Amino acid sequence: MSRPVALLAFATVLSLLPNAGNAESSESMPDGVYRLAEEGAGVAVDRASGGKLSLGALAAKELGPVEIEAMNNENTRYQFRFPQAGPLKEGSGDGRLAILLGGFAEPVGSQSEPDERGRQDLSSWVDDRAVAENWAKTLKVDLPERKHPGHRLLTTFEPLRENYRPGEPVELRMAIRNVGPAPFAFTDGGQQRGPRNNQFRFIAWKGYDKDFAMLDKGDRTNFGGMAGVVELNPGETFEKRVNLTDWFRFEDADSYSVTGLFEIQLIEPGAQTFRPIWDDFAVGTCSVTVAAAASSTAVESE
């Protein structure tokens, strides 16, 4: 009588283990789009960015064509976009999805509403070069790489006036000149909807002591903003003004050293999209003089 009891107890323990009733394993799961499941309720698979991901029911095996974009200059972060994935099967859940390819899964970070055929635009981001190569190989496509486009630029910053009074707004003019043999293009905007234009960065020192930089006392709030494209042919210059007092307070009469940086995302000249091909900074330096206010006391001559 003890043998059946022991077997019953063993079966009970098995039924309590996660996925015990699910004969499917990550090795047998086909590539495709899956519903995300709560931890322990689905099949645990390796996540592209590390750790594990719990996958539920298969939502679609059809991924359609893929568009792959390198998201940084180091070629370690990639976006995989499937603009015609599906159609997805009807199923329970809150709509959270994941892509499984080559044994690695990553949640869908962006998805569109279904079109008239039920297909959706799905995107996932992969932060591991080896996994990105694995996904590309599984999809039988090449993994793109960013390469320096060969642009050459000269950047200068200069104050609009020779000197300013303590507490006055300090305006600078930035100029970016194409000193290379070929045109290049970059985006202007996208970070200016807020108290200041955060496409700029500044480092400033008071006097000749560069041991301690001045504190940024401005408001960093950024709600994005509209962006345009600047294309410079050889010899052409792009200019832009910026209020330096959106970053620093020039309250003391002194000479200030300023390093300005302007973040640019380069795109292909003449391209119809804003897809970046290289991230860079235009960098220049200048000096700002803050002079003490002139005395208002007049001395009458005898």
Side-chain angles (χ1 to χ4, degrees), residues 69-75 77 79 144-164 168-205 213-214 216-248 250 255-290:
E69 180 180 351
M71 303 300 292
N72 58 14
N73 295 349
E74 296 77 23
N75 296 305
R77 177 174 170 80
Q79 178 191 19
E145 287 191 348
R146 285 194 183 187
K147 297 179 180 179
H148 192 284
H151 60 291
R152 292 170 54 189
L153 53 89
L154 175 65
T155 307
T156 58
F157 284 85
E158 62 177 359
L160 296 187
R161 287 164 42 187
E162 289 188 7
N163 56 69
Y164 295 87
E168 284 186 331
V170 175
E171 282 194 291
L172 302 182
R173 179 189 294 108
M174 178 195 70
I176 299 175
R177 182 177 177 82
N178 184 351
V179 294
F184 65 83
F186 59 89
T187 55
D188 173 37
Q191 302 183 58
Q192 76 278 24
R193 192 156 59 89
R196 70 186 189 190
N197 188 343
N198 284 295
Q199 195 170 354
F200 285 96
R201 317 277 200 279
F202 290 101
I203 308 171
W205 296 269
M214 295 174 63
D216 182 347
K217 296 185 178 181
D219 189 340
R220 301 174 178 83
T221 304
N222 174 24
F223 296 105
M226 297 294 291
V229 174
V230 176
E231 184 166 336
L232 295 180
N233 292 311
E236 292 182 339
T237 299
F238 167 74
E239 293 188 356
K240 197 175 188 69
R241 291 187 180 186
V242 60
N243 188 348
L244 194 56
T245 43
D246 287 341
W247 281 260
F248 310 111
F250 297 93
S255 177
Y256 297 83
S257 298
V258 178
T259 296
L261 304 92
F262 187 69
E263 182 182 3
I264 56 175
Q265 289 187 319
L266 278 86
I267 63 174
E268 289 287 355
Q272 299 302 310
T273 67
F274 279 16
R275 177 173 294 180
I277 59 173
W278 194 258
D279 296 325
D280 211 337
F281 281 92
V283 183
T285 63
C286 68
S287 296
V288 172
T289 301
V290 177

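Reckoned from all heavy atoms, side chains included, excluding hydrogens, waters and symmetry mates. Keep in mind that what you see is a predicted model, and the values were worked out from it rather than measured.
In this structure, Phe184 and Pro149 have side chains that are not in contact, with every pair of non-hydrogen atoms separated by 4.5 Å or more. The shortest side-chain heavy-atom distance between Val283 and Leu261 falls under the 4.5 Å cut-off. A 4.5 Å side-chain heavy-atom check between Glu69 and Pro276 finds at least one atom pair inside the cut-off. By the 4.5 Å heavy-atom criterion applied to side chains, Phe157 and Val258 are not counted as neighbours. At a threshold of 4.5 Å between non-hydrogen side-chain atoms, the residues Asn197 and Asp246 do not count as touching. The shortest distance between side-chain heavy atoms of Leu244 and Val242 does not fall below 4.5 Å.
Dense packing is recorded around CD of Glu168, with more than 12 heavy atoms of other residues, nucleotides or ligands lying under 6.0 Å away.
Residues that satisfy the side-chain hydrogen bond (donor to acceptor under 3.5 Å, both in side chains) test with Asn198, not counting sequence neighbours, are Arg196. Listed by chain and number, the residues in a side chain to side chain contact (heavy atoms under 4.5 Å, CB included) with Glu74 are Asn72, Thr76 (sequence neighbours excluded). For Phe248, the ring-ring contact (aromatic ring centres under 6.0 Å, His included) criterion is met by no residue, not counting sequence neighbours. Under the rule for a side chain to side chain contact (heavy atoms under 4.5 Å, CB included), the partners of Thr273 that lie at least two apart in sequence or sit in another chain are Arg275. With sequence neighbours left out, Glu158 forms a side chain to side chain contact (heavy atoms under 4.5 Å, CB included) with Arg173.
Distance check, rounded to the nearest 0.5 Å: CG of Leu266 to CG of Leu153 gives 8.0 Å. Considering NE2 of His148 and CG of Asp280, their distance stands at 6.0 Å, rounded to 0.5 Å. Taking CH2 from Trp278 and CD from Gln265, the interatomic distance works out to 13.0 Å, rounded to the nearest 0.5 Å. Interatomic distance, His151 NE2 to Phe186 CZ, rounded to the nearest 0.5 Å: 10.0 Å. The CD1 atom of Ile264 lies 8.0 Å from the OG1 atom of Thr187; values are rounded to the nearest 0.5 Å. Between the CG atom in Asn243 and the CD atom in Glu171 there is a gap of 5.5 Å [rounded to 0.5 Å].
Two rings, from Phe250 and Tyr256, have their centers less than 6.0 Å apart.
Smallest separation of non-hydrogen atoms from Ser287 and Pro159: O-CG, 3.5 Å. Smallest separation of non-hydrogen atoms from Glu162 and Thr289: O-CB, 3.7 Å. The minimum heavy-atom distance between Asp279 and Met71, with the atom names listed, is OD2-O, 4.2 Å.
Using modelled atom types, one side-chain atom of Gln199 and one backbone atom of Glu263 make a donor-acceptor pair closer than 3.5 Å. With hydrogens and angles disregarded, a donor-acceptor distance shorter than 3.5 Å links the side chain of Gln192 to the backbone of Gly190. Between the side chain of Asn75 and the backbone N or O of Arg146, at least one donor-acceptor pair lies under 3.5 Å. For Arg193 (side chain) and Phe223 (main-chain N/O), a donor-acceptor pair under 3.5 Å exists by modelled atom type.
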Distance-only check: which donor-acceptor pairs under 3.5 Å involve side-chain atoms of residues 226-238, not counting sequence neighbours?
{"from": "Glu231", "atom 1": "OE1", "to": "Gly270", "atom 2": "N", "distance (Å)": "3.3"}
{"from": "Glu236", "atom 1": "OE1", "to": "Asn233", "atom 2": "N", "distance (Å)": "2.8"}
{"from": "Thr237", "atom 1": "OG1", "to": "Arg177", "atom 2": "NH1", "distance (Å)": "3.3"}

Before giving the answer on side chain to side chain contact (heavy atoms under 4.5 Å, CB included), spell out for Phe262 and Ile176 the whole-Å C-alpha distance, their side-chain angles and the decisive distance to 0.1 Å.
CA-CA 10 Å; Phe262 187 69; Ile176 299 175; 3.9 Å; yes
